[in-house]
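Right, one structure below, let's go through it.
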Number of protein chains: 2
Amino acid sequence: MTATTSDEGAAVPVTIRDVARASGVHISTVSRTFSAPHLVNPETRVRVLACAEDLGYRPNRAARALITGRTHNIGLIIADIANPFFPPLIKAAESQARHRDYHVFVADTNEDPTAEEELVHALAKQVDGVLLCSPRMSNSLIEQLSREVPLVVVNRQVTGLPCVLMDVGQGARSAIEHLVGLGHRSIALLGGPRSSWTNREMRRAAGAAARAGGAQLTVLGPNAPTEVGGSAVAEQVRRSGVSAVLAYNDLMAIGLIEGLDALGVRVPQEVSVVGVDDITLSRLTRPKLTTVATPTGAAGRTAVDMLLQQDIESPRGARGSGAGTALGVRRTTAQVMLQTDLVIRDSTGPGPYARPARPLAAPRGPDPHCPAGPGIPTAATGDAVAS
Amino acid sequence: MTATTSDEGAAVPVTIRDVARASGVHISTVSRTFSAPHLVNPETRVRVLACAEDLGYRPNRAARALITGRTHNIGLIIADIANPFFPPLIKAAESQARHRDYHVFVADTNEDPTAEEELVHALAKQVDGVLLCSPRMSNSLIEQLSREVPLVVVNRQVTGLPCVLMDVGQGARSAIEHLVGLGHRSIALLGGPRSSWTNREMRRAAGAAARAGGAQLTVLGPNAPTEVGGSAVAEQVRRSGVSAVLAYNDLMAIGLIEGLDALGVRVPQEVSVVGVDDITLSRLTRPKLTTVATPTGAAGRTAVDMLLQQDIESPRGARGSGAGTALGVRRTTAQVMLQTDLVIRDSTGPGPYARPARPLAAPRGPDPHCPAGPGIPTAATGDAVAS
DNA sequence: CGTGACGCTGCAAAGGTTTGCAATGAAGTA
DNA sequence: TACTTCATTGCAAACCTTTGCAGCGTCACG
């Protein structure tokens with residue numbers, strides 16, 4: 001009869017001390033049995049393990065963290081869990097973390113910069129590092145927070161901090177070239193949140209690509225990066241008279257298509273629409289969405305790797321004179337840029353300046369209006385990855 | 001010059017002790033300044049707060065948790081974050097928790113019962129309680145785990161534990177009655193995961209309703225509760241010759257519609273499809289999905305409330321002789337059942353035994369085959385909540 | 001037989017915070 | 001004046017674990 005575990009209800013929390021008492025050894029031996037098994041006699045070890053099992057002992061991770069300075073948790077701060085862009089990233093990060101014996105805690109900020117900051121503070125001491133995904137707060141605040149807890153930023157470039165980026169610039173360029181190749185010369189860009197790095201990148205790249213292709217780009221926004229954000233601008237898109245739209249986001253693209261549909265504007269017959277992300281949903285709506293696929297899974301994995309690598313090379317343990325949770329010297333500050341891919345489906349079609357479908361034996365002569373800038377490398381158009 | 005906060009890089013973690021030194025009081029006074037302000041002299045308080053602000057002090061929640069036994073965190077274990085059913089629940093839970101000064105940590109299990117168990121253990125000491133959403137593990141295991149950490153179960157009935165349930169039985173009944181009312185007599189039920197409580201409830205209720213309505217119910221499954229799970233059974237649905245399908249889930253319903261489409265079977269002209277959940281997506285696909293709306297937001301809020309209530313009434317603090325983290329005496333064991341609602345959209349239409357569209361002045365006489373069970377309260381059919 | 005090495009274990013401090021209790025001093029009451 | 005009350009603060013134990021150091025016994029080697 002040691003620490004009685006009453007079988008019904010209310011279990012008394014069993015600590016390392018109970019196990020020590022039960023197995024007749026010192027608590028340090030029990031501790032070592034779990035954290036440094038090779039240091040304890042095999043016989044003792046099995047006895048201790050048996051007692052622990054018997055009592056249902058589980059090490060208190062909070063107490064352990066207090067002294068080691070390592071929680072074996074990582075935090076994942078997400079702008080909006082409801083955006084289907086994120087779950088694949090979350091799952092990839094989780095699986096990668098699990099392989100390294102880490103747990104992931106996800107927190108949602110509702111696109112609110114204040115919530116972001118508060119969450120970083122709240123997580124700081126309970127995790128070994130934080131992945132900041134598509135943050136909405138300022139770069140300077142991010143830098144400041146990075147002094148409190150190791151940070152890896154996803155979808156945002158912050159100098160001096162490790163970042164995982166997706167090449168949406170390249171993606172936007174491909175999309176514009178695709179549209180230009182289809183004969184569109186008047187294109188709208190549906191902007192996302194103002195504080196989004198992705199948004200700025202797309203704008204820059206799309207502008208340049210349009211200029212190079214002899215097309216005119218109208219920027220509409222900023223808008224909420226959701227379906228309603230997209231459907232809300234449908235009227236504006238129609239009035240603007242463009243024949244094609246590149247949306248910040250698949251969700252917005254889908255919302256826009258809905259909105260246009262409600263206005264009696266057909267996609268892609270009257271307006272072509274391209275999204276970004278290639279969320280699962282984009283394959284399920286009609287028309288299926290042409291979109292720029294982003295490597296979300298790879299981003300999650302990479303981000304976790306970078307965070308853990310950074311943790312490992314820094315001093316572990318908060319013992320001694322102090323520099324606590326893995327801060328300090330020489331942090332990896334690598335910035336990784338991942339490729340994106342244009343996936344052509346059914347929401348894009350020939351525009352007003354389109355050349356005839358079959359280059360040879362064309363029924364109608366080539367469109368005289370087409371000023372098709374000479375050297376545009378019109379990326380794969382007809383025969384691409386179409387679903 | 002007290003604890004120097006080197007401005008570039010590597011900040012030394014500042015503790016309560018630093019603040020005490022800086023403001024010339026004992027650490028206990030600093031502690032009280034934060035956790036029991038009314039106990040300290042206003043003048044002292046402002047001085048301490050100023051120093052704390054100055055040094056950038058933040059209480060170490062892990063250490064605090066170690067002694068109070070309260071982390072002010074709650075864990076949220078989710079079967080599959082990628083299922084759009086969950087985000088609204090997560091967000092509602094988060095917002096409710098935030099109001100009560102709690103943080104929510106979300107973890108995804110990939111529908112894996114083992115991961116579920118492991119996650120509960122990992123979370124146990126780092127949160128004050130766990131919300132188990134649509135768990136896949138056994139009831140007995142859940143009961144056992146509930147001895148380690150306060151638990152609230154969502155979408156599963158476990159006797160002796162607080163549960164938040166959605167009345168999918170009622171939902172399935174309404175759906176079947178709707179279909180029967182439309183003239184369907186041969187209906188399939190697309191089952192979900194075997195270990196799902198919702199699945200069993202639906203099966204039971206749908207079976208009863210079909211019997212009452214004089215229709216025949218074929219159960220197909222179990223299946224993965226995803227689009228691919230749905231599209232995978234399209235062929236089987238076609239072969240079975242049913243004219244209507246009730247799917248476990250909107251995702252499956254949408255997948256099924258896709259799959260049928262690929263086989264050239266049109267919805268709702270040839271087969272009617274009803275989903276469950278009313279995820280945002282169900283309004284965006286064509287045809288728009290008829291579905292049983294579940295109150296996910298309410299479920300999230302209620303679950304958090306029940307958990308916190310349970311925490312509050314139990315002994316706080318792990319001081320004294322012990323019953324530690326909020327276990328014990330008289331836990332609330334309420335089981336809440338939330339209403340569901342049938343939302344009729346475009347994926348359901350008249351079946352083979354349909355009565356003519358206009359009851360009066362019918363062009364064709366009433367179908368002689370229709371054995372329409374006398375007293376079926378065919379819930380709102382034509383003029384319902386249609387989008 | 002003495003010495004050193006080694007394997008195993010115990011001791012105690014440390015990590016950052018909370019909190020019951022006691023001490024201090026001032027104000028109020030009799 | 002003596003005694004009580006009250007507000008404020010300090011003291012130190014406690015939470016659970018890890019870990020450097022030292023002690024002990026055993027064994028091998030010289």
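Just so we're clear, the structure is a prediction, and the values are computed from it rather than from any experiment.
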Could you tell me whether a side-chain N or O of Glu94(B) sits under 3.5 Å from a main-chain N or O of Asp108(A), the two making a donor and an acceptor?
yes
I want to confirm an ordering. Mapping Val40(B) and Ala63(B) to their closest nucleotides on DNA chain D, which one lands closer to the 5' end?
Val40(B)
Measure CZ/Arg64(A) against C1'/dG16(C) and give the value in whole Å, please.
18 Å
Protein-nucleotide distance (Ile67(A), atom CD1; dC15(D), atom P), rounded to Å
16 Å
Please answer whether the main-chain N or O of Thr71(B) pairs with a side-chain N or O of Arg61(B) as donor and acceptor at a distance below 3.5 Å.
yes
Whole-Å distance, Gln126(B) CD to dT17(D) C1', equals 14 Å
When rounded to the nearest 0.5 angstrom, what is the spacing between CH2 in Trp197(A) and SG in Cys163(A)?
8.5 Å
When you measure from the side chain of His103(B) to the backbone N and O of Leu119(A), does any donor-acceptor pair fall under 3.5 Å?
no
Atom CG of Leu39(A) and atom P of dC6(C) are separated, to the nearest Å, by 14 Å
Is Arg61(B) touching bases, backbone alone, or none of the nucleic acid, heavy atoms closer than 4.0 Å?
nothing
Give a yes or no answer on whether the side chain of Glu111(B) reaches the backbone of Arg136(B) with a donor-acceptor pair at less than 3.5 Å.
no
Give the residues of residues 25-35 of chain A touching DNA chain C, defined as any heavy atom closer than 4.0 Å, sorted by residue number.
Val25(A), His26(A), Ser28(A), Thr29(A), Arg32(A)
Do Asn73(B) and Gln126(B) have side-chain atoms, one donor and one acceptor, less than 3.5 Å apart?
no
To the nearest angstrom, the CG-P distance between Asn41(B) and dA7(D) comes to 12 Å
Exactly one of Thr114(B), Leu132(B), Asp112(B) clears side-chain contact (heavy atoms from CB on, under 4.5 Å) with Met137(B), and that residue is Leu132(B)
Roughly how many Å is it from CG in Leu66(A) to C1' in dT18(D), rounded to a whole number?
10 Å
Keeping Thr29(B) on the side-chain end and Val25(B) on the backbone end, is there a donor-acceptor pair under 3.5 Å?
no
What's the CD1-P distance between Ile16(A) and dA12(C), to the nearest Å?
17 Å
Here the distance between atom C1' of dC6(D) and atom NE2 of His38(B), to the nearest Å, is 14 Å
Does any residue of residues 42-50 of chain A have a heavy atom under 4.0 Å from DNA chain D, and if so, which ones, in number order?
none
Using modelled atom types only, decide if a donor and an acceptor are shared between the side chain of Gln335(A) and the backbone of Gln157(A) within a distance under 3.5 Å.
no
